[in-house]
Amino acid sequence: MNGDPVDTDLARTWVQAIAAAVDQHKDHLTQLDSAIGDADHGTNMQRGFSAAVTALADYEPDTVGAVLVKTGTTLISTVGGASGPLYGGAFRAIGKALDAPTAPTQQFAAALAAGLASIEKLGAASPGDKTMIDAYAPALAAFQEQADTGADLAAAAVAAADAAEEGMRATTPMQARKGRASYLGARSIGHQDPGATSTALVFRALAETLGVK
Ligand code: ADP
Ligand code: MG
């Protein structure tokens, strides 16, 4: 735990940590998507993030943002489902807001906010619609709250990961109003949203990456 900013190596390590988490939880993500979708979320996430790790392997970025823009572009080009453009656009937006070799906590918070804005713009979903936003929005709020009180990145990321997991669990009783799950109407109630679950993995991976530094 320290107050160091995010640098290009850390950004790459974050993407690798997401890929590892997605590998580990692939079957669970697919199982959740088989209940209220088309059973491809684990495969989609694994394909996208493993391609991102490959794309970053021999890439020498000048900025933190370049790592994340490349990640987003790779997700868009390799993932066919709704989550590809949504996550891809979010990572591109986060990256575009981090046009420097390092990013301190407040700047990272602003970048995460740009990521959420991208998801909301593209998917037109709001909190409570049973999507990845229900994990992302509380995670961002928790991260921002920590950043505002002067907390370091690691502490902010832990608070964000905890809030994302709480938000993920809170999707279970919701009725889906966006995406494939919305076709089920009231039958979507009682199942945890796959995208909110993968978003919780993204924030937990950030906390782990920053925590071990
Ligand atoms: P698809 O639904 O095309 O099969 P995935 O299974 O990979 O794509 O991803 C499904 C997840 O995407 C959902 O669980 C939900 O969290 C998220 N999602 C779907 N539509 C939207 C949307 N309009 N806005 C935000 N997130 C969405
Ligand atoms: Mg699906």
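Predicted model, so just to flag it, every value in this text is computed and none were measured.
The only option from Ile36, Thr199, Thr172 that meets the side chain to side chain contact (heavy atoms under 4.5 Å, CB included) definition with Asp193 turns out to be Ile36.
Salt bridge status for Arg204 with Asp162: present, with a side-chain N to carboxylate O gap under 4.0 Å.
Side chain to side chain, Ser198 and Tyr87 meet the donor-acceptor criterion of an N or O pair below 3.5 Å. Between the side chains of Thr73 and Arg92, at least one donor-acceptor pair of N or O atoms lies under 3.5 Å. For the residue pair Ser188/Gln175, the side-chain donor-acceptor check at 3.5 Å is not satisfied. A donor-acceptor pair shorter than 3.5 Å can be found between the side chains of Asp148 and Gln144.
Shortest non-hydrogen contact noted between Leu68 and Ile94 is CD1-CG2, 3.8 Å. Taking both residues in full, the closest heavy atoms of Pro61 and Val67 are given as CG-CG2, 3.4 Å, listed atom of the first, atom of the second, then distance. When every heavy atom of Glu120 is checked against every heavy atom of Ala125, the shortest pair comes out as CG-O, 3.9 Å.
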Should Lys70 and Leu56 be marked as a side chain to side chain contact (heavy atoms under 4.5 Å, CB included) after you check the CA-CA gap, both sets of side-chain angles, and the distance that decides it?
CA-CA 8 Å; Lys70 194 169 202 48; Leu56 293 176; 4.0 Å; yes
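By the neighbour-count criterion of 12 heavy atoms within 6.0 Å, atom CG of Asp99 is sparsely surrounded, having that number or fewer from other residues, nucleotides or ligands. Sparse packing is recorded around CD of Glu145, with 12 or fewer heavy atoms of other residues, nucleotides or ligands lying under 6.0 Å away. Environment of CD in Glu166: sparse, with no more than 12 heavy atoms of neighbouring residues, nucleotides or ligands closer than 6.0 Å.
At least one donor-acceptor pair under 3.5 Å links the side chain of Lys130 to the backbone N or O of Met174. Between the side chain of Trp14 and the backbone N or O of Val202, at least one donor-acceptor pair lies under 3.5 Å.
In this pair, Phe203 and Tyr136 present their aromatic rings perpendicular. The plane angle is above 60°, beyond the 30 to 60° band.
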